[in-house]
Amino acid sequence: MFPLFIRMKGKKVVIAGGGQIAYRRLLPLLDEGACITVISPKAIDAIVHLAEQKRITWHARSIEPSDYADAFFIIAATNDPNVNEQIATYASPKQLVNVASNHLIGNVHVPAFFSRGKLQIAITTGGASPAFAKQIKKQLEQQFDESIAQHVEELYKQRKQRKEP
Ligand SMILES: C[C@@]1(CC(=O)O)c2cc3[nH]c(cc4nc(cc5[nH]c(cc(n2)[C@H]1CCC(=O)O)[C@@](C)(CC(=O)O)[C@@H]5CCC(=O)O)C(CC(=O)O)=C4CCC(=O)O)c(CCC(=O)O)c3CC(=O)O
Ligand SMILES: NC(=O)C1=CN([C@@H]2O[C@H](COP(=O)(O)OP(=O)(O)OC[C@H]3O[C@@H](n4cnc5c(N)ncnc54)[C@H](O)[C@@H]3O)[C@@H](O)[C@H]2O)C=CC1
């Protein structure tokens, strides 16, 4: 797996499933300005609420291949592993696909991550133990507390000044 940080503003993201896992994926993508559609017969209240506020689109039905044909990023997070695997099969090799129920398929893993201003730290175990990735994240969150954001901002200012003629 190759780590990347991707600018998601305006990118079309389709999420299959409307449970807690879908919501966990959705929130940081929404913060980044991605254009999110959730396809799921049922959705948790938090997702319904976002749809009511028109911050995301929610279609209350099962996912179909035409739903994600033009998506930049597809997240298969239904509670039916067969449906999730089918999504990975039908997706084009040009699309990013995350499969929440099987670390062996799809081409994207979502890491445990946190931000301190411009500093972002992401951890993956490649599916070996997501719980361990979470534990490492919690340790690093303590090591790099909120004050580091200011430090990074200072470094950024200095760097911009050096670049200016
Ligand atoms: C491959 C990956 C694919 C993907 O990208 O989705 C994947 C796959 C699977 N996770 C499963 C279970 C759990 N996942 C978590 C937690 C997290 N899982 C996350 C990522 C990933 N999970 C990707 C690999 C990343 C890596 O390897 O490091 C995190 C880091 C990020 C996030 O989800 O936001 C997030 C921590 C968030 C945080 O920072 O807090 C917990 C614990 C908890 O929820 O507290 C459990 C229960 C305990 C356990 O099983 O360990 C199962 C079995 C499902 C089933 O039983 O059906 C599969 C399927 C499989 O392994 O095949
Ligand atoms: N990667 C991770 O971090 C973790 C992944 N998982 C996996 O993620 C899956 C989802 O977890 P939760 O959100 O907790 O499940 P959930 O059961 O709360 O939600 C599943 C959602 O999928 C929807 N759904 C079912 N069939 C569908 C279809 N054909 N098309 C569209 N939507 C459909 C349901 O309406 C429901 O909204 C789990 O089954 C598990 O395999 C579970 C824990 C952690």
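Whatever order the structure lists them in is the order used to number ligands and atoms, beginning at 1.
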*Excluding sequence neighbours, so at least two apart, what forms side chain to side chain contact (heavy atoms under 4.5 Å, CB included) with Val83?*
Ile63, Thr78, Asp80, Ile87
Interfacing atoms of ligand 1 (cut-off 4.0 Å, heavy-atom, [X]):
X      : value
Asn102 : 59 (C), 62 (O)
Ala133 : 28 (O)
Ala112 : 30 (C), 39 (O)
Thr124 : 25 (C), 26 (C), 27 (O), 28 (O)
Pro111 : 30 (C), 31 (C)
Thr125 : 26 (C), 27 (O), 28 (O)
Ala100 : 6 (O), 8 (C), 9 (C), 58 (C), 59 (C)

*asked:* side chain to side chain contact (heavy atoms under 4.5 Å, CB included), that's the test. Do Lys138 and Gln135 meet it? Break it down for me.
replied: CA-CA 5 Å; Lys138 289 203 175 304; Gln135 191 188 325; 5.8 Å; no
Between ligand 2 and the protein, find all N/O pairs closer than 3.5 Å and give the distance for each.
residue: ligand 2; atom: 1 (N); partner: Arg25; partner atom: NH2; Å: 3.1
residue: ligand 2; atom: 1 (N); partner: Ala100; partner atom: O; Å: 3.4
residue: ligand 2; atom: 3 (O); partner: Arg24; partner atom: NH2; Å: 2.8
residue: ligand 2; atom: 13 (O); partner: Gln20; partner atom: N; Å: 3.2
residue: ligand 2; atom: 13 (O); partner: Ile21; partner atom: N; Å: 3.0
residue: ligand 2; atom: 17 (O); partner: Asn79; partner atom: ND2; Å: 3.1
residue: ligand 2; atom: 30 (N); partner: Ile63; partner atom: N; Å: 3.1
residue: ligand 2; atom: 35 (O); partner: Ser40; partner atom: OG; Å: 3.2
residue: ligand 2; atom: 35 (O); partner: Lys42; partner atom: N; Å: 3.3
residue: ligand 2; atom: 37 (O); partner: Gly18; partner atom: N; Å: 3.1
residue: ligand 2; atom: 37 (O); partner: Ser40; partner atom: OG; Å: 3.1
residue: ligand 2; atom: 37 (O); partner: Lys42; partner atom: O; Å: 2.8

*Lys/Arg N to Asp/Glu carboxylate O, Glu32 vs Lys9, below 4.0 Å*: no
*Proximity flag Arg25 to ligand 1, non-hydrogen atoms under 4.0 Å*: yes
Heavy atoms of the protein only: does one fall short of 4.0 Å from [atom]?
atom                    : value
atom 50 (O) of ligand 1 : no
atom 42 (C) of ligand 1 : no
atom 2 (C) of ligand 1  : no
atom 57 (O) of ligand 1 : no

*Considering only heavy atoms, which of Pro81, Pro130, Ala131, Ser101 lies nearest to atom 10 (N) of ligand 1?*
Pro130
*Given Arg24, His103, Gln20, which one has a non-hydrogen atom that is nearest to atom 44 (O) of ligand 1?*
Arg24
*Report the hydrophobic cluster partners of Phe5, with the cluster defined as I, L, V, M, F, W, Y residues connected by side-chain heavy atoms closer than 4.5 angstrom, directly or transitively.*
none
*Counting distance only, does the side-chain N/O of Gln95 pair as donor-acceptor with the main-chain N or O of Tyr68 below 3.5 Å?*
yes
If you look only at distance, which donor and acceptor atoms sit under 3.5 Å apart when one is on a side chain in residues 12-26 and the other is two or more places apart or in another chain?
residue: Lys12; atom: NZ; partner: Asp70; partner atom: OD1; Å: 2.9
residue: Arg25; atom: NE; partner: Asn98; partner atom: OD1; Å: 3.2

